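Scroll down for the structure; my scribbles are underneath it.
The sequence lines fix the lettering, A, B, ..., with proteins before strands; numbering per chain opens at 1. Predicted, not measured: the structure shown is a model, and the values here were computed from it.
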2 protein chains.
Amino acid sequence: MIFDATDKRLLEFLQQDSKQTNKELSNKLNLSVTAVYERIKKLEKEGFIDGYIALVNKEKVKKNFIVFCHIKLVQHSQDYVVSFEREVAKLKEVLECYHLSGDYDYLLKVLVTDMAEFREFMVKKLTTINHIGSTHSMFVINEVKHTTIINM
Amino acid sequence: MIFDATDKRLLEFLQQDSKQTNKELSNKLNLSVTAVYERIKKLEKEGFIDGYIALVNKEKVKKNFIVFCHIKLVQHSQDYVVSFEREVAKLKEVLECYHLSGDYDYLLKVLVTDMAEFREFMVKKLTTINHIGSTHSMFVINEVKHTTIINM
DNA sequence: TATATTTAAGAAAAATTTTCTATTATGATT
DNA sequence: AATCATAATAGAAAATTTTTCTTAAATATA
């Protein structure tokens with residue numbers, strides 16, 4: 001499938017603000033409303049767009065205590081890895097989980113209200129998952145930058 | 001401001017799919033279309049919603065090489081910190097940057113096409129920023145989980 | 001209890017999306 | 001270069017959705 005410069009610009013605009021009307025986008029792209037509409041539908045159908053979402057303000061909903069957790073497994077057998085990944089993905093406090101190179105461990109991005117809630121998360125949820133060897137938590141003092149925009 | 005259970009559910013729905021019509025939301029919430037409309041406008045005005053965006057598929061646009069970079073500064077003076085944060089925020093490859101506790105350093109989430117592009121990023125961009133003492137890169141083998149949904 | 005204030009509902013108006021048809025551009029083939 | 005097929009674009013019409021407006025109900029306040 002051909003994915004031209006106009007499609008790229010369109011995706012950039014939609015990543016910035018998906019509530020723009022096709023008319024606004026058509027002005028920015030020098031296209032007709034229908035052309036914009038058809039391009040968006042094509043991008044959606046081809047899988048370039050995973051979805052449209054609202055971004056909630058973390059401070060407002062009192063969930064702005066971010067912790068990165070490094071995790072090592074006791075063993076790295078297929079069974080252990082699969083089991084750990086399945087369990088950790090279920091936890092709503094875990095926004096992101098990455099399998100990392102090097103020390104063969106994981107990096108988790110955990111979002112909670114405060115230290116008390118993080119403690120609960122560690123004790124009641126994370127450490128009850130099997131096969132965890134060790135954990136190392138890094139607390140975020142300040143979120144310097146956070147964007148969802150992928151540059152192409 | 002009062003932020004009730006219905007507002008929470010509404011934010012959950014909008015975080016999952018912001019393209020739902022007010023009619024669909026009104027059915028899920030047992031409200032009228034106008035009531036949903038007014039609640040959304042209120043949440044927007046009060047700052048609960050930072051924006052509405054399209055999520056682009058990383059694989060499709062060939063930007064799915066994720067690297068986490070740990071960075072230590074040579075000094076931690078106010079000047080150095082401010083300068084570093086300003087410069088690093090400008091880099092489009094850096095999706096996220098966190099100031100961490102403990103070793104007083106930073107964690108960067110970097111998104112590029114491949115290792116070649118990461119090398120370019122390191123050599124031409126990251127290491128040209130002043131005050132960096134040392135860096136340590138962790139490559140993502142697999143993205144086990146990634147959500148933008150904040151639980152409330 | 002009476003009075004204000006907020007919240008909600010339904011209808012109407014305005015705006016936007018979506019469909020449809022026709023036209024133009026693009027690329028491949030000869 | 002000419003022809004054909006395919007894809008992209010534009011404008012108008014239809015369908016849907018958002019937004020506004022008015023009225024009614026619920027909640028809180030004095």
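- Using five terminal pairs a side, the axes of the helix from C:dT1-D:dA30 to C:dT30-D:dA1 at its two ends make an angle of 40°, given in steps of 10 degrees.
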Under the side-chain hydrogen bond (donor to acceptor under 3.5 Å, both in side chains) criterion, do A:Tyr52 and A:Glu44 qualify, and how do the steps go? CA-CA 10 Å; A:Tyr52 299 91; A:Glu44 288 171 353; 2.6 Å; yes

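- Using a 4.5 Å cut-off between side-chain heavy atoms of Ile, Leu, Val, Met, Phe, Trp and Tyr, A:Ile53 falls into a hydrophobic cluster with A:Leu55, B:Ile53, B:Leu55.
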Polar atom pairs (N or O), protein with nucleotides 4-9 of chain C, under 3.5 Å:
residue : atom : partner : partner atom : Å
C:dA8   : OP1  : B:Arg39 : NH2          : 2.7
C:dA8   : OP2  : B:Arg39 : NE           : 3.4
C:dA9   : OP2  : B:Ser32 : N            : 2.5
C:dA9   : OP2  : B:Ser32 : OG           : 2.8

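- Other residues sharing the hydrophobic cluster of B:Val74, ordered by chain and number and joined by side-chain separations under 4.5 Å: B:Tyr80.
- Taking 4.0 Å as the cutoff to heavy atoms of chain A, we find the contact window on DNA chain D bounded by D:dT9 to D:dA12.
- For the pair A:Leu14/A:Asp17, no side-chain contact is recorded, criterion being any heavy-atom separation below 4.5 Å from C-beta on.
- Screening B:Lys63, B:Lys62, B:Glu120 for a side-chain hydrogen bond (donor to acceptor under 3.5 Å, both in side chains) with B:Thr113, the sole residue that qualifies is B:Lys63.
- Across residues 12-23 of chain B, B:Thr21, B:Asn22 each have a non-hydrogen atom less than 4.0 Å from an atom of DNA chain D (numbered order).
- When all heavy atoms of B:Arg39 and B:Leu31 are compared, the closest pair comes out as NE-CD1, 3.8 Å.
- Contact of the A:Leu111 side chain with the A:Val67 side chain is not registered, since no non-hydrogen atoms from C-beta on lie closer than 4.5 Å.
- A:Lys125 places none of its side-chain heavy atoms less than 4.5 Å from the side chain of A:Lys90.
- Ring pair B:Tyr106/B:Phe84: centre-to-centre distance below 6.0 Å.
- Look at A:Asp114 and A:Arg119 and you find no salt bridge, because none of the NZ, NE, NH1 or NH2 atoms lies under 4.0 Å from a carboxylate O.
- In this structure, B:Lys109 is not positioned above the aromatic face of B:Phe68 in the sense of NZ or CZ being under 6.0 Å from the six-membered ring centre and within 45° of the axis.
- Note: B:Cys97 SG to B:Leu107 CG = 8.0 Å, rounded to the nearest 0.5 Å.
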